[in-house]
Amino acid sequence: MAVPEALNTLSAGLILISAFAMVATRQVQGVLRFFVIQSALLAASAFVLGYGRSSVHLWALGGITIVAKVVAIPWVLRRLLPADFYERREISQAINVPSSLLLALGLTIVSEFLAAPLVGGAPDPVVRTNLPVGLAGVLIGAYSLMARREAIPQLVGILAMENGAFFAGMAIAAELPIIAELAVAVDVVLIAVVVGLLTRSIRERLGTTEAAALSALREEPAPWP
């Protein structure tokens with residue numbers, strides 16, 4: 001195995017570990033920190049494969065990931081939300097951490113079985129590595145989105161799903177047009193802004209950041225004269 005492919009495999013393992021870490025942590029700050037680490041690993045993998053395959057598109061993907069997910073999204077969320085939001089113990093969730101980790105492990109095994117028919121005959125080692133790991137990232141991110149009740153961890157779950165999709169996409173669609181990569185990066189930053197503003201509004205009105213509290217923000221009907 002060539003050096004770029006070997007480094008990509010190392011990044012894949014660390015990306016999967018960071019997905020488990022996001023499931024295991026119980027603080028908003030920890031969830032956001034592990035998301036940044038996962039995004040940096042995704043960018044590193046893109047740079048490594050871009051160097052090994054002389055792909056401008058992969059280099060662009062790595063740069064866009066650094067700017068949008070490692071820098072912009074954390075900065076936006078920290079500007080919109082007060083510091084004490086990150087310091088308190090969070091996370092209201094439907095399933096406890098040990099059970100969540102077992103479910104995440106199960107989703108990883110399922111992703112391996114789902115990807116097996118697609119990668120079984122693939123000659124490219126990157127496809128055999130990235131597709132099951134990327135699918136596992138999507139499934140674990142979706143689980144985090146459903147299990148967590150706080151708005152910001154749910155946002156991170158959505159972004160983790162996007163990270164998994166991009167990691168798989170680097171193997172099967174490495175030459176994705178740069179304009180599409182830029183469009184996705186702008187979209188995820190805008191999502192972070194909208195969710196940050198909604199979270200701040202919920203917290204100011206209700207003293208909580210649970211997404212279920214959105215129903216309490218509905219406008220009351222005006223009484224008849």
Side-chain angles (χ1 to χ4, degrees), residues 1-28 30-46 48-49 52 58 61 65 69 90-150 152-174 176 184 188 211:
M1 183 182 293
V3 173
E5 284 76 10
L7 292 175
N8 177 72
T9 301
L10 175 61
S11 294
L14 295 175
I15 285 171
L16 193 56
I17 291 173
S18 67
F20 277 85
M22 280 189 277
V23 171
T25 188
R26 294 184 58 85
Q27 291 181 326
V28 173
V31 171
L32 188 59
R33 182 183 298 117
F34 284 119
F35 166 72
V36 170
I37 291 172
Q38 185 184 73
S39 299
L41 290 167
L42 175 65
S45 180
V48 167
L49 293 178
L58 288 174
L61 174 60
T65 301
K69 297 178 181 177
E90 195 248 334
I91 287 174
S92 178
Q93 57 188 47
I95 302 176
N96 61 34
V97 171
S99 299
S100 294
L101 288 173
L102 287 175
L103 285 171
L105 178 60
L107 291 173
T108 303
I109 296 172
V110 167
S111 68
E112 186 70 30
F113 279 104
L114 291 176
L118 301 175
V119 303
D124 191 347
V126 175
V127 175
R128 295 197 298 270
T129 298
N130 285 35
L131 195 56
V133 172
L135 181 57
V138 172
L139 294 179
I140 294 173
Y143 167 73
S144 298
L145 174 62
M146 293 184 293
R148 298 283 171 82
R149 293 171 179 167
E150 299 281 344
I152 297 304
Q154 287 183 342
L155 169 65
V156 174
I158 295 173
L159 298 177
M161 291 175 64
E162 198 261 349
N163 276 356
F166 259 101
F167 191 69
M170 287 194 300
I172 60 179
L176 185 70
V184 171
V188 296

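Residue indices begin at 1 and follow the sequence shown.
Interatomic distance, CG of Leu41 versus CG of Leu16, reported as 11.5 Å (0.5 Å rounding). Rounded to the nearest 0.5 angstrom, Asn130 CG and Leu135 CG are separated by 12.0 Å. Atom-to-atom distance recorded for Leu159:CG and Gln154:CD is 12.0 Å, nearest 0.5 angstrom. In this structure, CD1 in Ile37 is found 14.0 Å from CG in Leu42, a value given to the nearest 0.5 Å. Note that the CG atom of Leu155 and the CG atom of Leu145 stand 9.5 Å from one another [nearest 0.5 Å].
Considering all non-hydrogen atoms of both residues, Ala160 and Gly141 come closest at CB-CA, 4.3 Å. The shortest heavy-atom contact between Val23 and Ser144 is CG2-OG, 3.7 Å. Heavy-atom minimum distance, Val127 versus Pro132: O-CD, 3.9 Å.
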Ile140 vs Met22, side chain to side chain contact (heavy atoms under 4.5 Å, CB included): CA-CA, chis, key distance, verdict = CA-CA 9 Å; Ile140 294 173; Met22 280 189 277; over 6 Å; no

task = I would like to know whether Phe167 and Val138 meet side chain to side chain contact (heavy atoms under 4.5 Å, CB included); could you show each step before the answer?
result = CA-CA 10 Å; Phe167 191 69; Val138 172; over 6 Å; no

query = After noting the C-alpha distance and the side-chain angles of Phe166 and Thr65, does the key distance pass the side chain to side chain contact (heavy atoms under 4.5 Å, CB included) rule?
reply = CA-CA 10 Å; Phe166 259 101; Thr65 301; 5.9 Å; no

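The side-chain heavy atoms of Ile17 and Phe34, taken from C-beta on, include no pair separated by under 4.5 Å. Two residues are said to be in side-chain contact when any heavy atoms from C-beta on lie closer than 4.5 Å; Thr129 and Glu5 fail this criterion. Proximity of Met170 to Leu58: side-chain heavy atoms (C-beta onward) are separated by under 4.5 Å at one or more points.
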Which atom pairs, one a donor and one an acceptor, fall under 3.5 Å between side chains of residues 101-109 and the rest of the protein, sequence neighbours left out?
residue : atom : partner : partner atom : Å
Thr108  : OG1  : Ala104  : O            : 2.9

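Residue pairs meeting the side chain to side chain donor-acceptor pair (under 3.5 Å) criterion with at least one partner in residues 32-41, sequence neighbours excluded, are Ser18-Gln38, Gln38-Asn163, Ser39-Asn163.
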